Protein chains: 2
Amino acid sequence: MKKFKVEIMPRDEALDPQGRAVKGALERLGFKTSDCRVGKVVVIEANHSMKEKDIQDMAEKILANPLIETYKVTQL
Amino acid sequence: MKKFKVEIMPRDEALDPQGRAVKGALERLGFKTSDCRVGKVVVIEANHSMKEKDIQDMAEKILANPLIETYKVTQL
């Protein structure tokens, strides 16, 4: 089995309402931060024939929205 | 400025409906996987007085639900 991780983050220029909500919640708890961004991680397990290129393909096609998100694939 | 990353994943024993949905969508696109798990990443920027211990605290208190999720803090 091969395992890959795809990390998807909102682009810097994109709004990140979830990140703002987390920043606000942390502040109310007394944690002062200067920035919070919230993204997703998808961990995919597949058999040995799966290539990093296929995972890139998945990311482009359904995991991430390239207009507002960037992604990074790593093999675990 | 210091930057930390908190990676939050559903525990293995917890159901992960989002992961199942992604697995299904990938299958419909022709990508056969044996498992998909979907988690969150929170990237936090704060000033130099912020310690990794504080981030652990944030994770325990609001970022993750320790009953059904595990988290990992790394400094970037």
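Here is how names work: the chains are called A, B, and so on, in the same order as the sequence lines, proteins then strands, and each is numbered from 1. It should be emphasised that the depicted structure is a prediction, and the values quoted were computed from it without experimental measurement.
The choice from A/Lys5, A/Lys2, A/Lys32, A/Lys3 that makes the most heavy-atom pairs within less than 4.5 Å of chain B is A/Lys5. The most heavy-atom pairs under 4.5 Å with chain A, out of B/Met9, B/Met58, B/Glu7, come from B/Met58.
Listed by sequence position, the residues of residues 65-76 of chain A in contact with chain B number zero, using a 4.5 angstrom heavy-atom cutoff. Residues of residues 38-52 of chain A lying under 4.5 angstrom from chain B, judged on non-hydrogen atoms, are A/Val38, A/Gly39, A/Lys40, A/Val41, A/Val42, A/Val43, A/Ile44, A/Glu45, A/Ala46, A/Met50 in numerical order. Residues of residues 11-28 of chain A that come within less than 4.5 angstrom of chain B, heavy atom to heavy atom, are A/Val22, A/Ala25, A/Leu26 in numerical order.
By the salt bridge (Lys or Arg N to Asp or Glu O under 4.0 Å) test, B/Asp57 pairs with B/Lys53, B/Lys61, sequence neighbours left out.
In this structure, B/Leu63 is a member of the same hydrophobic cluster as A/Phe31, with clusters built from ILVMFWY side-chain heavy atoms closer than 4.5 Å.
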Worked verdict on B/Asp35 versus A/Met1 for side-chain contact (heavy atoms from CB on, under 4.5 Å): CA-CA 10 Å; B/Asp35 194 35; A/Met1 281 293 157; over 6 Å; no
